[in-house]
Amino acid sequence: MERMPIAKAINAGLRAAMERDPRVLLMGEDIGRLGGVFRVTDGLQKDFGEDRVLDTPLAEAGIVGTAIGMALRGYRPVCEIQFNGFVYPAFSQIVTQLAKLRARSRGRLSVPVVIRIPAGGGIGSVEHHSESPEVLFAHTAGLRVVYPSNAHDAYWTVQQAIASADPVVFMEPERRYWEKGDVDTGLAPGQVAPLHRARVLRTGADATVVAYGPTVKLALDAAAEAAQDGTQLEVVDLRSISPLDVDTVVESVRRTGRLVVVQEAPVFHGAAAEIAAQITERCFYSLEAPVKRVGGYHLPYPAARVEEHYLPSVDRVLDAVEQALAA
């Protein structure tokens, strides 16, 4: 068991994958000598060389397009998108080529590319550094989308993503990069949770709070505060946006009868909306109140000085819980 921040856990996971498989290589802007703007790839070029940790031009479409070609030749590229808002120049490559090639070839071609995207707000930066675009990729069939919330999951899920035969969009909660957690690096493959399995982090009987990525800590903080008033919240970490482990959420809601879903992205057409729809269909007779959603507002990400009014907070989560309990 080692204690490390999420950024270092991803670094260690990348290192483990590269040591295990010589076909794994990293590509991105400033990821080599600099180690990336968040230093997630720090030291990897020094240890693995410039042939496996490639500093690329400022051309996201070129990064992803090159990675697709390399994957078709047997490599397993991992692309870093420097900031979440910079992924859009590569969006066409991702959704029209990367996501479609396996189906287009009727399974004859495999494109095991991982796209790493630091995402979410709370770092006091501009909108192109603070958005949450995960649902854009989750809506695209052919892509897997995962979003770890802690160091242990970050270490293991990045390795599982690299090993996947399908392309994976790997979201990283940038404002949690330096929050430390325990990482069990000695697990055998069969002991690691499946890549797309949700996890119950805290049990409770009064309501279920579902979160993913950066909002998981928010949900746990809200549960701890609610417990002081005698309300027991069950917290579920989705861990994956596509596919969704709805079964775990269903089991929880059938126990608690109420559901609050928390995300940083706007709630309009978001992952929370999909979860709310599926839970309403599958748990209609178990629900004691309508499903509540807490997230960003349907507007462009605001200036840094007012982002705290945009992002979900413990108070907003608890307000939603109170409304669910009062229904």
Side-chain angles (χ1 to χ4, degrees), residues 1-84 86-87 90 93-94 98 110-119 144 146 148 151-174 177-178 180-181 183-189 192 195:
M1 190 75 71
E2 299 181 42
R3 190 163 184 80
M4 62 182 77
I6 289 177
K8 185 177 178 181
I10 297 171
N11 180 290
L14 292 170
R15 180 181 295 276
M18 295 178 77
E19 289 174 345
R20 186 164 50 244
D21 188 344
R23 298 172 300 168
V24 177
L25 53 88
L26 313 183
M27 308 169 60
E29 299 157 5
D30 300 319
I31 69 167
R33 188 174 302 176
L34 180 66
V37 292
F38 294 105
R39 304 300 186 267
V40 173
T41 54
D42 189 37
L44 295 178
Q45 188 180 76
K46 177 176 68 68
D47 293 340
F48 292 96
E50 295 182 4
D51 290 338
R52 295 190 65 194
V53 182
L54 289 72
D55 277 318
T56 67
L58 289 166
E60 286 77 13
I63 294 170
V64 176
T66 302
I68 293 171
M70 297 186 78
L72 292 173
R73 294 300 299 268
Y75 292 94
R76 306 188 84 89
V78 181
C79 304
E80 176 179 300
I81 303 299
Q82 196 168 71
F83 289 104
N84 46 76
F86 297 174
V87 75
Q93 289 280 11
I94 295 171
L98 185 61
S110 179
V111 277
V113 176
V114 175
I115 312 290
R116 293 183 41 242
I117 306 176
R144 298 177 183 266
V146 298
H152 179 83
D153 275 353
Y155 175 78
W156 286 109
T157 55
V158 74
Q159 296 180 66
Q160 292 170 316
I162 293 170
S164 172
D166 294 317
V168 178
V169 176
F170 190 84
M171 311 296 295
E172 300 172 5
E174 59 189 19
Y177 266 145
W178 305 111
K180 293 184 177 181
V183 180
D184 191 344
T185 59
L187 295 177
V192 181
L195 181 60

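Taken to the nearest 0.5 Å, the CD atom of Glu29 stands 13.0 Å off from the CG atom of Leu54. Atom CD of Gln93 and atom CG of Leu98 lie 9.0 Å apart (nearest 0.5 Å). From Ile81, atom CD1 reaches atom CD1 of Ile94 across 6.0 Å, with rounding to the nearest 0.5 Å. Distance check: Arg23 CZ to Arg76 CZ gives 5.0 Å after rounding to the nearest 0.5 Å. Atom CZ of Arg116 sits about 7.5 Å away from atom CG of Leu26, to the nearest 0.5 Å. Remark: Ile31 CD1 to Asp42 CG distance equals 12.0 Å, nearest 0.5 Å.
For CD of Glu50, the number of neighbouring non-hydrogen atoms (other residues, nucleotides, ligands) closer than 6.0 Å is 12 at most. Dense packing is recorded around CZ of Arg3, with more than 12 heavy atoms of other residues, nucleotides or ligands lying under 6.0 Å away. Counting non-hydrogen atoms of other residues, nucleotides and ligands closer than 6.0 Å to CZ of Phe48 gives a total above 12.
Listed for the Glu60 side chain is no donor-acceptor partner under 3.5 Å among the backbone atoms of Ala90. Under the 3.5 Å distance criterion, the side-chain polar atoms of Trp156 are matched with a main-chain donor or acceptor of Asp184. Here the side chain of Thr56 pairs no donor or acceptor atom with the backbone of Met27 at under 3.5 angstrom. Between the side chain of Asp153 and the backbone N or O of Pro148, no donor-acceptor pair lies under 3.5 Å. With Asp30 contributing its side chain and Gly36 its backbone, the two residues share no donor-acceptor pair below 3.5 Å.
Between Phe83 and Phe38, the ring planes are perpendicular. Angles over 60° get that label, and only those under 30° would be called parallel.
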**Message:** Determine whether Asn11 and Met4 satisfy the following criterion, side chain to side chain contact (heavy atoms under 4.5 Å, CB included), listing intermediate values before the conclusion.
**Reply:** CA-CA 10 Å; Asn11 180 290; Met4 62 182 77; over 6 Å; no

message = Using side chain to side chain contact (heavy atoms under 4.5 Å, CB included), reason through Leu58 and Phe86 one step at a time and then give a plain yes or no.
response = CA-CA 10 Å; Leu58 289 166; Phe86 297 174; over 6 Å; no

Run Asp55 and Gln45 through side chain to side chain contact (heavy atoms under 4.5 Å, CB included) and show every step you take. CA-CA 9 Å; Asp55 277 318; Gln45 188 180 76; 3.7 Å; yes

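Of all non-hydrogen atoms in Ser110 and Leu72, the two that sit nearest each other are O-CD2, 4.1 Å. Gly28 and Ile63 make their closest contact through CA-CD1, 4.3 Å (heavy atoms, listed as atom of the first residue, atom of the second, distance). In plain terms, the two heavy atoms of Arg52 and Val24 that are nearest each other are NH2-O, 2.8 Å.
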